[in-house]
Amino acid sequence: MSTVTPTDTTATSGGAASWVDDRLHASGGLSKLLKKVFPDHWSFMLGEVALYSFIILLLSGTYLTLWFKPSMTEVIYNGSYMPLKGIKMSEAYASTLDISFDVRAGLLMRQIHHWAALFFLAAMSVHLMRVFFTGAFRKPREMNWVIGTVLLTLGILEGFAGYSLPDDLLSGTGLRIAQGIMQAIPLVGTYLAMFLFGGEFPGNDFISRLYSVHILLIPGILLALVTVHLIMVFYQKHTQFPGAGRTESNVVGFRLYPIYMAKAGGFFFIVFGVTTLISALVAINPIWLYGPYTPSQVTAGSQPDWYMGWLDGAVRIMPNWETNVLGHTISWNLLVPALVIPGIMFTSMGLYPWIEAWVSGDKREHNLLDRPRNAATRTSLGAMALSFYMMLWFSGDNDIIATAFHLSINQITLALRVLIFVVPPVVFIITKRICLGLQRKDRETLLHGYESGQVLRLPHGEFIEIHKPVSLEEKAVLMGKADIAPLPAPLAIDANGVANPKAKAGAIRTRMSAWFYADNVAAPTALELAEAEEHALHGASHGEISSH
Amino acid sequence: MNELTSNEPIGSKDGIDVVSGLPVYPLGHHEPRRADIDPRAAKRAERQVALMFAVSALSIVGAIIAYIKVPNTTLIYVPPFGPVNANHLSVGLLFGLGIFLIGTGAIHWAKKLMPDVEVSEERHTYTSSPEDKAAFGQVIREGKEASGFGEYKLIRRTLLGAMALFPLPLIVFLRDLGPMPGTKLRETIWEKDVALVTDATYRKIRPEDIPVGGLVNAVPANLLAVEEEEGNLNQRGKASIILVRIDPANIVSQQGEGWDYQGILAYSKICTHVGCPISLYQQRTHHLLCPCHQSTFDLSDSGNVVFGPAARRMPQLPITVDAEGYLVAQSDFHEPIGPSFWERG
């Protein structure tokens, strides 16, 4: 018989930490996690806004499910909103009115939910731009880029599903359009629409079906993908901008614990607080003004939520092409704007990391970000894509523009049909010129210093501006320019005199690569920089100052 | 990875990034903040943070009190936002402020009082060592050999076949989501002698009720009974029409001989583009404009498309008057109303 004396293992560390470690062997991993370093930059908060908005959506959405009734059964409204008393409407619409007028804080939660959805999509979009324009999607982060693309797509669908649920006149019109587009799909469209709506539009089933998609199916996938997205950011470590002390192999910033717990945790409360304050003050989606849905009414100036605007715009400016082949109707006027264009946009977005890697032939890992100007062609492509998107978005506002500026809707529409092809290439060219100009200026600044603003009059009367060398921090940023050389032309015949079968494809790639990278203004080499510094020193000692 | 003792940043050698080959510059000199050197500044920052947390707590309590006390029926006028429900506004502002101040407090704390010296951490390369990669390949190969997946062709093929089939029932089981299309998209409840009634009040319409240039929204007289029976708004979505009266001298064409009644024309209200109900009628041009995507139809010329993304004309409903002088339909539409579909032809 032996007795065991209990020993106090909590003596060396905190009680709770020890308790957890005794069961999970977690101390090693957790201390690493808590000590993890994150780089600091304002643009890294954009993804955070998206994440926090998503959390706010889950919280406020759960609250709304307690009162919302996803049913299209007709009821007579008898709540406290007088203008609609006694009117026939669906239970979905009636319960949304109840949430807005009879449940205290119900309207607040509804508006928080709607505003957070708008912010969620906006933050995701701007976050996507940040990741694109800084090249954060490059190896090894391509997978997270694809997840992000899927998140954005699902976010748009989720938003559309959400604002379609109240069954008001505006949202019902949106569903009618969605149903019309479904019906246009060749071969299966009619069946698809019939099955999803449980028959003809609007039917009796769609709201409740959409509800389970909106509160279970899509959020479930979103939550899973957001989790993977974040784990990948943790695991691969965050990218950082070039600067003093930063290399491809380190992360310079602050530790998760306590700095980022306070900063990022605090930022969650700021996003939540601002969303709540806006929701307290600014009405969003006042469905009681629109009235209940009926398929025979519509309001002029109907507009979807902002993130659907581009899609609606594409449908608006598409010419009215339709063909009849062997007794079958193909509605190009819907297929092209609602399915083909979004398909091309999101597919090319998802594939972009591989497209650029193919053009550059670059197989290296990239943890240091590009400043947008330093990747001139990529930045210009991005700006071009954005201008295309903006043109679609304006198209979605063609009626608003027409009434606001007293212009002809027909002329605006015709102009946009042209501009959608003209503006993006122009934006590409202008952006590229601006980027290259900035590159040249950076090179100039490194070699000759920055313009100090001090103007000097020399004894013989000449005015000059004094140039001063940039600080070390600035220099570290400007010199962090990773130039990629255009690929060499492939050999038509290899060393053994055998014709290269890939020469033709290789030539295309070489041309693409030259188009992408040949214009770049090279950063000064170490030698040029040293010479310039030498010259500046030398010049200064002789009282000679560089000037323009 | 000794981050503090060496001045050379991790991943650089002799001032050059070992991965990218770019020059590397050492981290700059750190400027201390006021609160780092002045205890009074630190004390002040502490008080500021505490104040934010304290006001937050008060706001949150205030939000609960407002929820209980402030009436849910009073409206307050808040420029420039307009009238806002008092309960909603007070609860929202106090709750929002309470949440917001937790955030600002925490960030102010981090910025003023927590260390602001940047530290550096090593990043490990993502790719594994060649040995690890080879070992992993070995594991895969051994597993494949042990299972015989490559060897037993029959097993492999039947397995793939079974796996490809197993999700099919899940799709087939969706069949009862809705009925087959049948002729549903080609028919409405309009038929011979069904009276036209006004959309909102369901009153029968006499030709003299509609002046030249006028527009009336109408539905079939039996619509309410059908809706009662079917329990949905499907028929309204198909049978809704608009009636316009145009001086017969200005009618260029219509879809059938004698389909009007003394210049009164009945057209489907459902846009042939994606099915929005059309409501904007310009009396002078006889143009009908869809507010959703701006398709424009000329009602004096067979309802043909004059602008916009719609490809097909608006279907016309042949009408006449009955013995009592009320407007009635001659028949159903002669072509499917609403958006196109694959089988439409």
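Being a predicted model, the structure only gives us computed values, none of them experimental. Heavy atoms only: backbone and side chains are in, while hydrogens, waters and symmetry mates are out. Reminder, nothing fancy here: chain letters follow the sequence lines and each chain counts from 1.
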Chemist: Examine whether an atom of B:R175 lies under 4.5 Å from a heavy atom of chain A, and if so say whether it belongs to the side chain, the backbone or both; otherwise answer neither.
Modeler: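 Both parts, backbone and side chain.
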Chemist: Are A:F254 and B:E118 close enough that some pair of their side-chain heavy atoms sits under 4.5 Å apart?
Modeler: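 Answer yes - side chains close enough.
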Chemist: Among A:D399, A:N367, A:V325, which has the most heavy-atom pairs under 4.5 Å with chain B?
Modeler: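 Option with the top pair count is A:N367.
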Chemist: Given a strict heavy-atom distance threshold of 4.5 Å, which part of B:N217 is in contact with chain A: side chain, backbone, both, or neither?
Modeler: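 Looking at B:N217, nothing touches chain A.
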Chemist: Tell me, for A:L368 versus chain B, whether the close heavy atoms (under 4.5 Å) come from the side chain, the backbone, both or neither.
Modeler: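 For A:L368, side-chain heavy atoms alone lie under 4.5 Å from chain B.
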Chemist: Taking side chain as everything from C-beta outward and backbone as N, CA, C, O, which of these in A:F268 sits under 4.5 Å from a heavy atom of chain B? Side chain, backbone, both or neither.
Modeler: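 Neither part; nothing is under 4.5 Å.
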Chemist: Determine whether B:F100 and B:M52 make a side-chain contact, defined as any pair of heavy atoms from C-beta on separated by less than 4.5 Å.
Modeler: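 The answer is no, as the side chains (C-beta and beyond) never meet within the 4.5 Å cut-off.
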Chemist: Between B:I107, B:N232, B:V19, which residue shows the highest count of heavy-atom pairs closer than 4.5 Å to chain A?
Modeler: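 Most pairs with chain A among the choices: B:I107.
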Chemist: For each of B:V24, B:V84, B:L93, tally heavy-atom pairs with chain A at distances under 4.5 Å, and name the one with the top tally.
Modeler: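 Maximum pair count with chain A is reached by B:L93.
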Chemist: Between A:L335 and A:I330, does a side-chain contact (heavy atoms from CB on, under 4.5 Å) hold up when you go through it step by step?
Modeler: CA-CA 8 Å; A:L335 290 174; A:I330 307 171; 3.6 Å; yes
Chemist: Considering only the SG atoms, does B:C290 lie under 2.5 Å from B:C271?
Modeler: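 B:C290 does not pair with B:C271 as a disulfide (SG atoms not under 2.5 Å apart), so no.
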Chemist: Which one of B:F95, B:W109, B:Y25 has the most heavy-atom pairs closer than 4.5 Å to chain A?
Modeler: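 Heavy-atom pairs under 4.5 Å are most numerous for B:Y25.
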Chemist: Check each atom of B:K269 against the heavy atoms of chain A and say whether the ones under 4.5 Å are side chain, backbone, both or neither.
Modeler: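 It is the side chain, since no backbone atom gets that close.
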Chemist: For B:Q294, is it the side chain, the backbone, both, or neither that has a heavy atom closer than 4.5 Å to a heavy atom of chain A?
Modeler: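 Just the side chain, heavy atoms under 4.5 Å.
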Chemist: Out of B:G338, B:C292, B:G237, return the one with the most heavy atom pairs under 4.5 angstrom to chain A.
Modeler: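 Most pairs with chain A among the choices: B:C292.
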Chemist: Which value, rounded to the nearest 0.5 Å, describes the distance between B:N304 atom CG and B:F297 atom CZ?
Modeler: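 B:N304 atom CG to B:F297 atom CZ measures 10.0 Å (nearest 0.5 Å).
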Chemist: If I measure from the heavy atoms of chain B, does A:N324 come under 4.5 Å with its side chain, its backbone, both, or neither?
Modeler: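 Side chain only.
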Chemist: Answer with side chain, backbone, both or neither: which region of A:L334 has an atom nearer than 4.5 Å to a non-hydrogen atom of chain B?
Modeler: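 Contact with chain B is through the side chain of A:L334 alone.
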Chemist: Taking side chain as everything from C-beta outward and backbone as N, CA, C, O, which of these in B:L101 sits under 4.5 Å from a heavy atom of chain A? Side chain, backbone, both or neither.
Modeler: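 B:L101 has no heavy atom closer than 4.5 Å to chain A.
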Chemist: Between A:H328 and B:W342, what is the ring plane arrangement, given parallel below 30°, perpendicular above 60°, and tilted in between?
Modeler: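 Parallel, since the angle between the ring planes stays under 30°.
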Chemist: Taking all atoms of both residues into account, what is the closest heavy-atom pair of A:A338 and A:V315, and its distance?
Modeler: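 Minimum heavy-atom contact is CB-CG2, 4.3 Å.
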Chemist: Side chain, backbone, both or neither: which part of A:T294 has a heavy atom under 4.5 Å from chain B?
Modeler: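 For A:T294, the contact with chain B is made by backbone and side chain together.
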Chemist: Which atoms of A:S296 come close to chain B, meaning under 4.5 Å heavy atom to heavy atom: side chain ones, backbone ones, both, or neither?
Modeler: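 For A:S296, heavy atoms of backbone and side chain both lie under 4.5 Å from chain B.
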Chemist: Given side chains that start at C-beta, do those of A:I259 and A:F38 come closer than 4.5 Å, heavy atoms only?
Modeler: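 No, too far: nothing below the 4.5 Å cut-off.
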Chemist: Is it the backbone or the side chain of A:R246 that comes under 4.5 Å from a heavy atom of chain B, or both, or neither?
Modeler: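 Both the backbone and the side chain of A:R246 come within 4.5 Å of chain B.
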Chemist: Non-hydrogen atoms of chain B under 4.5 Å away: do they reach the side chain of A:F267, the backbone, both or neither?
Modeler: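 The answer is both parts of A:F267.
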Chemist: Between A:Q303 and chain B, which part of the residue has a heavy atom less than 4.5 Å away: side chain, backbone, both or neither?
Modeler: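 A:Q303 has no heavy atom closer than 4.5 Å to chain B.
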Chemist: Strictly less than 4.5 Å between heavy atoms, which residues of residues 72-83 of chain B line up against chain A? Please order them by number.
Modeler: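 Counting heavy atoms that sit under 4.5 Å from chain A, the residues of residues 72-83 of chain B involved are B:N72, B:V78, B:F81.
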Chemist: Could you check B:S20, B:S120, B:S12 and say which one makes a side-chain contact (heavy atoms from CB on, under 4.5 Å) with A:T247?
Modeler: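 Output: one option passes, namely B:S12.
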Chemist: Where on B:V117 is there a heavy atom nearer than 4.5 Å to chain A: the side chain, the backbone, both, or neither?
Modeler: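 Just the backbone, heavy atoms under 4.5 Å.
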Chemist: Give, as side chain, backbone, both or neither, the part of A:Y293 having an atom under 4.5 angstrom from any heavy atom of chain B.
Modeler: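 The backbone, not the side chain.
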Chemist: Considering only heavy atoms, which portion of B:L89 lies under 4.5 Å from any heavy atom of chain A: side chain, backbone, both, or neither?
Modeler: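 Backbone plus side chain of B:L89, per the 4.5 Å heavy-atom cut-off to chain A.
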Chemist: Let me know if B:T296 has heavy atoms under 4.5 Å from chain A in its side chain, its backbone, both or neither.
Modeler: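 B:T296 has no heavy atom closer than 4.5 Å to chain A.
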Chemist: If I measure from the heavy atoms of chain B, does A:P140 come under 4.5 Å with its side chain, its backbone, both, or neither?
Modeler: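 A:P140 touches chain B through side-chain heavy atoms alone.
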Chemist: Pick one: which of B:K184, B:E343, B:R344 meets side chain to side chain donor-acceptor pair (under 3.5 Å) with A:T190?
Modeler: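 Option passing the side chain to side chain donor-acceptor pair (under 3.5 Å) with A:T190: B:E343.
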Chemist: For A:E200, give me all partners under salt bridge (Lys or Arg N to Asp or Glu O under 4.0 Å), at least two apart in sequence or on another chain.
Modeler: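 Expected list: B:K238.
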Chemist: A:L529 versus chain B, heavy atoms under 4.5 Å apart: side chain, backbone, both or neither?
Modeler: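 Only the side chain of A:L529 comes within 4.5 Å of chain B.
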Chemist: With a 4.5 angstrom heavy-atom cut-off, could you sort out which part of A:K139 is near chain B: side chain, backbone, both or neither?
Modeler: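 Neither the backbone nor the side chain of A:K139 comes within 4.5 Å of chain B.
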Chemist: Would you mind checking which part of B:N234 comes under 4.5 Å of any heavy atom in chain A, side chain (CB onward), backbone (N, CA, C, O), both or neither?
Modeler: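 For B:N234, heavy atoms of backbone and side chain both lie under 4.5 Å from chain A.
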Chemist: Flag the one option from B:V70, B:V219, B:D116, B:T127 with the top tally of heavy-atom pairs under 4.5 Å to chain A.
Modeler: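 The answer is B:D116.
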Chemist: Checking heavy atoms, do the side chain of A:A482, its backbone, both or neither come under 4.5 Å from chain B?
Modeler: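 It is both, since atoms from each part get that close.
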Chemist: By a 4.5 Å heavy-atom criterion (distance strictly below it), what part of B:P181 contacts chain A: side chain, backbone, both, or neither?
Modeler: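 Both parts, backbone and side chain.
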Chemist: Can you tell me which portion of B:F307 sits under 4.5 Å from chain A's heavy atoms? Options are side chain, backbone, both or neither.
Modeler: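 Interface part for B:F307: side chain.
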Chemist: Walk me through it: do B:R313 and B:E335 pass the test salt bridge (charged side-chain N to carboxylate O under 4.0 Å, His left out)?
Modeler: CA-CA 10 Å; B:R313 64 185 187 181; B:E335 56 192 85; 2.9 Å; yes
Chemist: Counting only non-hydrogen atoms closer than 4.5 Å, does B:I102 touch chain A with its backbone (N, CA, C, O), its side chain (CB onward), both, or neither?
Modeler: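 For B:I102, heavy atoms of backbone and side chain both lie under 4.5 Å from chain A.
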Chemist: Of the non-hydrogen atoms in B:D199 and A:Q297, which two are nearest, and what is the gap between them?
Modeler: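 It is OD2-NE2, 4.4 Å.
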Chemist: Heavy-atom cut-off 4.5 Å, strictly under: side chain, backbone, both or neither for B:H273 against chain A?
Modeler: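 Contact with chain A: backbone and side chain both.
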